Engineer: 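Take this structure first; my questions come after.
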Amino acid sequence: MSPVNGTPLTRHGSRVPAVPARPTAAKAAPPSGPRPAATRAAATASRPTVTPAPSVATMVICLPEELPASTLTSHHLDTHFGVTGTLTALFWATPRLRLWQHHLMIGLRKGRPAPCAGGPVRLLDLAGMRQAAAVGAGIRHQVWQQVVHGTRAAAPWPMFEARHLTDPDRYPLESAVADFHAQPRIQAMRLHAAALGPGQPSVGELEMYQAGEVAYQHYRAASAVAGDAMLTADGRRLAPASDALAHRITYLEQALAHLDSLGPDQRLLAIAL
């Protein structure tokens with residue numbers, strides 16, 4: 001929405017009737033220079049806040065029963081589900097998987113645990129995935145606490161991105177990135193990642209780390225089986241409204257509730273977008 005331009009006089013021009021000046025203190029005409037700061041602030045405040053789009057890297061699809069497994073290839077995803085992506089080995093096959101059950105799995109690979117792109121719920125080790133993710137998250141959170149020790153809590157990136165999208169002219173992307181990176185806690189995390197390489201606590205999960213160790217474990221455990229978005233068997237799309245933690249939690253609540261409602265023969269498929 002564009003800011004309010006001008007004053008009542010400049011907006012209506014000559015249609016405003018001239019008023020004779022009174023002998024006493026006459027009201028001065030508004031200056032033609034830049035608008036006062038208060039006016040600019042009011043104009044900026046009138047803009048609706050823009051919510052940044054979420055980052056969706058992995059989608060979990062609940063497959064319709066009538067869809068044969070032979071059609072579940074990357075070049076058929078757009079035809080059946082309206083999404084473009086590739087199969088990804090998000091899930092683990094159950095350790096009790098029998099040889100004759102291998103044909104029921106999608107993209108099954110060798111290993112212990114055996115990764116796969118999907119299969120019937122009863123043949124997926126969802127509980128094991130969540131437990132392993134929680135254990136790994138606890139270790140990463142302890143490392144993160146050591147890395148950021150002595151620094152103050154930092155504002156997460158979605159706040160800066162929303163401010164930029166709401167008023168890109170006055171707050172360009174470069175300023176948003178610079179302000180986010182200028183925070184001491186973010187600097188500590190970036191230095192740690194630069195020194196030790198990939199796999200270190202990511203600034204993209206800052207809000208999740210700051211929620212506490214147990215909360216971070218729950219977040220990673222739920223994300224391990226729900227991905228970043230979900231397509232239900234009846235065609236509903238579940239996804240967070242943004243990357244903010246509150247929106248991510250809302251999505252995970254919905255996705256986990258849907259997973260809990262599925263029957264043992266319901267098939268799941270994971271794709272990377």
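The chain is numbered in sequence order, starting from 1. The structure presented is a predicted model; accordingly, all values stated were derived computationally and were not measured.
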Engineer: Would you find a donor on one side and an acceptor on the other, under 3.5 Å apart, between the side chain of Gln266 and the backbone of Pro120?
Structural biologist: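 No, the answer is negative, given that no donor and acceptor are paired below the 3.5 Å cut-off.
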Engineer: Are Leu108 and Leu97 close enough, and set up right, to give a side-chain contact (heavy atoms from CB on, under 4.5 Å), and what steps lead you there?
Structural biologist: CA-CA 11 Å; Leu108 182 64; Leu97 188 68; 3.9 Å; yes
Engineer: When you group the ILVMFWY residues by side-chain heavy-atom contacts below 4.5 Å and let the links chain together, are Leu191 and Val143 in the same group?
Structural biologist: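 No: no chain of side-chain contacts under 4.5 Å links Val143 to Leu191.
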Engineer: Would the distance check show the side chain of His164 and the main-chain N or O of Leu173 forming a donor-acceptor pair, the cut-off being under 3.5 Å?
Structural biologist: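 Here the side-chain-to-backbone pair exists.
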Engineer: Tell me, yes or no, whether the heavy-atom count around Met159 atom CE, taken from other residues, nucleotides or ligands under 6.0 Å, exceeds 12.
Structural biologist: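 Atom CE in Met159 is not packed in, count stays at 12 or less.
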Engineer: Could you tell me whether the side chain of Gln210 and the main chain of Ala154 form a donor-acceptor pair under 3.5 Å?
Structural biologist: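 Indeed, once roles are kept as given, a pair shorter than 3.5 Å links the two residues.
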Engineer: Do Leu259 and Met230 make a side-chain contact, defined as non-hydrogen atoms from C-beta onward lying under 4.5 Å apart?
Structural biologist: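 SC-SC contact between Leu259 and Met230 confirmed.
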Engineer: Measure the shortest side-chain to side-chain distance between Thr51 and Thr49 over non-hydrogen atoms and say whether it is less than 4.5 angstrom.
Structural biologist: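 Result no, sub-4.5 Å side-chain heavy-atom pair not found.
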Engineer: Measuring from atom CE of Met105 to atom NE2 of His103, what distance do you get when rounded to the nearest 0.5 angstrom?
Structural biologist: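 Answer rounded to 0.5 Å: 11.0 Å.
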Engineer: What's the separation between atom OG1 in Thr166 and atom CZ in Arg163, rounded to the nearest 0.5 Å?
Structural biologist: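 Answer rounded to 0.5 Å: 10.0 Å.
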Engineer: Is a side-chain N or O of Tyr251 found less than 3.5 angstrom from the main chain of Ala229, in a donor-acceptor match?
Structural biologist: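 Such a contact is found between Tyr251 side chain and Ala229 backbone.
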Engineer: For Ala133 and Ala221, work out which heavy atoms get closest and say how close.
Structural biologist: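 Answer, listing the atom of Ala133 first, then Ala221: CB-CA, 3.9 Å.
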Engineer: Do Pro95 and Asp125 make a side-chain contact, defined as non-hydrogen atoms from C-beta onward lying under 4.5 Å apart?
Structural biologist: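 In contact.
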Engineer: Is it the case that more than 12 heavy atoms not belonging to Arg122 sit under 6.0 Å from its CZ atom?
Structural biologist: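 Above 12, so yes.
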Engineer: Mind listing the closest non-hydrogen atom pair of Trp92 and Met129 along with its distance?
Structural biologist: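 Taking Trp92 first and Met129 second, the nearest heavy atoms are N-SD, 3.4 Å.
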Engineer: I'd like to know if Arg220 and Glu205 make a salt bridge, using a cut-off of under 4.0 Å between side-chain N and carboxylate O.
Structural biologist: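 A salt bridge links Arg220 with Glu205.
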Engineer: Please report the closest heavy-atom contact between Met189 and Ser202, naming both atoms and the distance.
Structural biologist: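 Looking at all heavy atoms of both residues, the shortest contact is CE-O, 3.4 Å.
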Engineer: Cys116 and side chain to side chain contact (heavy atoms under 4.5 Å, CB included): which single residue from Leu124, Ile106, Leu268 fits?
Structural biologist: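 Result: among Leu124, Ile106, Leu268, Leu124 is the only option passing the side chain to side chain contact (heavy atoms under 4.5 Å, CB included) with Cys116.
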Engineer: Of Gln101, His102, Arg267, which meets side chain to side chain contact (heavy atoms under 4.5 Å, CB included) against Leu123?
Structural biologist: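 Only one option passes, and that is Gln101.
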Engineer: side-chain contact (heavy atoms from CB on, under 4.5 Å), that's the test. Do Arg130 and Leu256 meet it? Break it down for me.
Structural biologist: CA-CA 11 Å; Arg130 295 181 66 168; Leu256 292 180; 3.9 Å; yes
Engineer: Could you tell me if the side chain of Thr58 sits less than 4.5 Å from the side chain of Ser223, heavy atoms only?
Structural biologist: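 SC-SC contact between Ser223 and Thr58 ruled out.
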Engineer: Can you confirm whether Asp167 sits close enough to Asp169 that some side-chain heavy atom of one is under 4.5 Å from a side-chain heavy atom of the other?
Structural biologist: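 Yes; the side chains approach each other to less than 4.5 Å.
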Engineer: Looking at CD1 of Ile139 and CD of Glu213, how far apart are the two atoms once the value is rounded to the nearest 0.5 Å?
Structural biologist: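 One finds 10.0 Å between CD1 of Ile139 and CD of Glu213.
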Engineer: State, yes or no, whether a side-chain contact exists between Trp144 and Arg185 at a heavy-atom distance under 4.5 Å.
Structural biologist: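 Of all side-chain heavy-atom pairs linking Arg185 with Trp144, at least one is under 4.5 Å.
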Engineer: Taking the side chain as C-beta and beyond, is there a heavy-atom pair between Ser55 and Arg248 under 4.5 Å?
Structural biologist: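 Counting from C-beta outward, Ser55 and Arg248 do come under 4.5 Å.
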Engineer: Could you go through the side-chain contact (heavy atoms from CB on, under 4.5 Å) check for His192 and Gln146 one step at a time?
Structural biologist: CA-CA 10 Å; His192 180 75; Gln146 296 175 353; over 6 Å; no
Engineer: Mind telling me whether Trp157 and Phe160 have parallel, tilted or perpendicular rings, with 30° and 60° as the class edges?
Structural biologist: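 Parallel, since the angle between the ring planes stays under 30°.
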Engineer: Less than 4.5 Å apart, any side-chain heavy atom of Leu245 and any of Pro156?
Structural biologist: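 Of all side-chain heavy-atom pairs linking Pro156 with Leu245, none is under 4.5 Å.
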Engineer: Please check if the side chain of Ser175 supplies one atom and the backbone of Tyr171 the other of a donor-acceptor pair under 3.5 Å.
Structural biologist: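 Between the backbone of Tyr171 and the side chain of Ser175 there is no qualifying donor-acceptor contact (under 3.5 Å).
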Engineer: Which pair of non-hydrogen atoms, one from Ser242 and one from Pro52, has the smallest distance, and what is that distance?
Structural biologist: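 Shortest heavy-atom contact: CB-O, 3.2 Å.
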Engineer: Using the six-membered ring wherever Trp is involved, compare the ring planes of Tyr209 and His141 and label them parallel, tilted or perpendicular (cut-offs 30° and 60°).
Structural biologist: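 Rings of Tyr209 and His141: tilted, 30 to 60°.
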Engineer: Mark yes when over 12 heavy atoms from residues, nucleotides or ligands other than Gln145 sit less than 6.0 Å from its CD; otherwise mark no.
Structural biologist: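 Yes, enclosed.
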Engineer: To check you understand the geometry: which heavy-atom pair defines the closest contact between Leu87 and Ala117, and what is its length?
Structural biologist: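 Of all heavy-atom pairs spanning Leu87 and Ala117, the closest is CB-CB, 4.1 Å.
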Engineer: What is the distance from atom OG1 of Thr232 to atom CG of Leu63, rounded to the nearest 0.5 Å?
Structural biologist: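 If I round to the nearest 0.5 Å, the distance is 11.5 Å.
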Engineer: Which atom pair, heavy atoms only, marks the closest approach of Leu269 to Phe91?
Structural biologist: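 Answer, listing the atom of Leu269 first, then Phe91: C-CE1, 4.1 Å.
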Engineer: According to a hydrophobic-cluster definition based on side-chain heavy atoms being under 4.5 Å apart (Ile, Leu, Val, Met, Phe, Trp, Tyr only), do Leu196 and Val147 belong together?
Structural biologist: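 Unlinked, Leu196 and Val147 end up in two clusters.
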Engineer: To the nearest 0.5 Å, what is the distance between CG (Leu252) and NE2 (His218)?
Structural biologist: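 That separation rounds to 12.0 Å.
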